[in-house]
Amino acid sequence: MTVLIDADVTDVIGHVPRRLFGSFVEHMGRGVYTGIYEPGHPAADERGFRRDVLDLVRELGPSVVRYPGGNFVSGYRWEDGVGPADRRPVRLDPAWHSVESNQFGLHEFMQWAQAADVEPMYALNLGTRGIQEAMDVLEYCNHPGGTTLSEQRRANGADRPFQIRLWCLGNEMDGPWQIGHKTADEYGRLAAETARAMRMIDPGLELVVAGSSSAQMPTFGSWERTVLRHTAALVDHISLHAYYQEIDGDTDSYLASAAALDGYIRATAGIIDETLANLRLDKKIGISVDEWNSWDLRRWNDVDSARLAAEGWQQRPRIIEDTYTVTDAVVVGSLLSCLLRNVDRVSMANQAQLVNVIAPIRSEPGGPSWRQTIFHPFRLAAASARGSSLRLTVNGARIHTTQHGEVDIVDAAATVDSGHCAVFLTNRATASATEVRFCVRGADMSLADAWTIATPDGLTRHATNTAESQPVQPTRLAGVTAASHHGGTTITAILPPLSWTVLRLGGRDA
Ligand code: AHR
């Protein structure tokens, strides 16, 4: 049966923010050390940044990168990472049972962000620290000069202020695993007072208050209500974190993870609206999905964390280096489509993480770097989604999933930008191809190209990319046709089983 998808170029959900394609670098495992930074590596530049990894990051195309954590940040002292590298302290990182050398810190991150052409998003420690340290790091980063902290930055080599605009008020403070975990009231008060003090220094900041670490948290909902009651007047975004995995071979549910993310976003949006109305506040608060990805959390909880504890305190241990499959890439593609469908509420999103740690890019110490399967949907979406996200009507077969109820066989999103259109399609049918007819009114377009991520010939949906071989790549989708009709366009495509596809259309005269 054919799936029919209708769109009209004038019927838009909202503008696609570039920040939707953000990423995340945490001092965790090998995300920084032997990930983005490895002095002595044959590809390292004079600052120790791996050029091979930087090239892959630029190709991936993240717009904004969150740093330095994650759980790490809740026990971190930012001052440890500035000044002469040989005088920086070596410390325990209790969050990841690791040893932190502090050879990479604020200045290195800002230089790396410039080299990678990404906007920095800085997370503050509201676990063990508070208002004073937040004010200090802000003054250090953004004040031009003439004060002790800003002069210290200049003496440390950054004459001009970093001008960091985006700040996270702590990380996952609802989680009992978080260092300095707080109740919603405790955190809400601290976040509000931190925000107030920071705005006294720099009123132009964008502040992200921490929402829930997952929709399964018992406090989800009540946490947001309480925290927003304290902070709504003072913040611009509230975060949510969302990780998905295949449980007990239930592939159908895993492939429908976007339905769960969709519900999580809409529920959070409802709480924002309710709180703003109760407080009679006429403003917008965006949702910052500032950690999302596929992550085999059960393996981390059941196996890796025990191994980490048994191996003792080490620098840059190998942790959560998930090797992604075709199925994971398709799920990541559909999560990106879900973010695109929610641009009326989602102001930014950060895939967690960037290199080695549940990441699209992998690298070996002293060795190669390569693209994981999930690299490809991110790159294609970041490069193709432009302008406005279109409201779509999808009519076609649906499947029943144990975890998410009924979902469309084909999950869809589309964007339009001055005569160009990109259509993102996930075929959730694992064993059969699905025909799709996409009709867009108000634009006469032709097909520019069509790329799909599906199971490579001769392999299974469990195929992965490794240092030695990368069989999972986007391939051109053959047989896609485009026809004009009364100022509109109909595209017909046959989507391979279990696949994520992007169709790119351009103006007929283009
Ligand atoms: O991204 C890995 C971890 O997941 C982060 O440190 C934490 O914020 C989340 O629980």
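Counting begins at 1 with the first residue of the sequence. On a predicted model such as this, the values are computed, not experimentally measured, just so you know. As the structure lists them, so they are numbered: ligands from 1, and atoms in each ligand from 1. Any value given below was found using the heavy atoms of this structure, including those in side chains, with hydrogens, waters and symmetry copies removed.
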Short N/O distance, under 3.5 Å, between Trp177 and ligand 1?
no
Any nitrogen or oxygen of His241 lying under 3.5 Å from a nitrogen or oxygen in ligand 1? Just yes or no.
no
Per-atom contacts of ligand 1 with [X], taking only distances under 4.0 Å to non-hydrogen atoms:
X      : result
Glu26  : 5 (C), 6 (O)
Glu172 : 7 (C), 8 (O), 9 (C), 10 (O)
Trp96  : 3 (C), 6 (O)
Glu291 : 1 (O), 3 (C), 4 (O), 5 (C), 7 (C), 8 (O), 9 (C)
Asn171 : 8 (O)

Protein contact of atom 7 (C) of ligand 1 - nearest heavy atom, named by residue and atom, plus distance
Asn71 OD1, 3.2 Å
Can you check whether Phe375 and Trp370 have ring centres sitting under 6.0 Å from each other?
no
Kindly state whether the ring of Tyr264 and the ring of Phe220 have centres lying under 6.0 angstrom apart.
yes
Taking [X] for the side chain and [Y] for the main chain, is one N or O donor matched with an acceptor at less than 3.5 Å?
X      : Y      : result
Arg165 : Gly204 : yes
Asn293 : Ala352 : yes
His237 : Ile287 : no

Report the part of Tyr243 in contact with ligand 1, treating N, CA, C, O as backbone and CB onward as side chain, heavy atoms under 4.0 Å; options are side chain, backbone, both, neither.
side chain
With side-chain contact (heavy atoms from CB on, under 4.5 Å) as the criterion, how do Arg88 and Ser101 come out once you've worked through the C-alpha distance, each side chain's angles and the decisive distance to 0.1 Å?
CA-CA 8 Å; Arg88 296 186 192 171; Ser101 69; over 6 Å; no
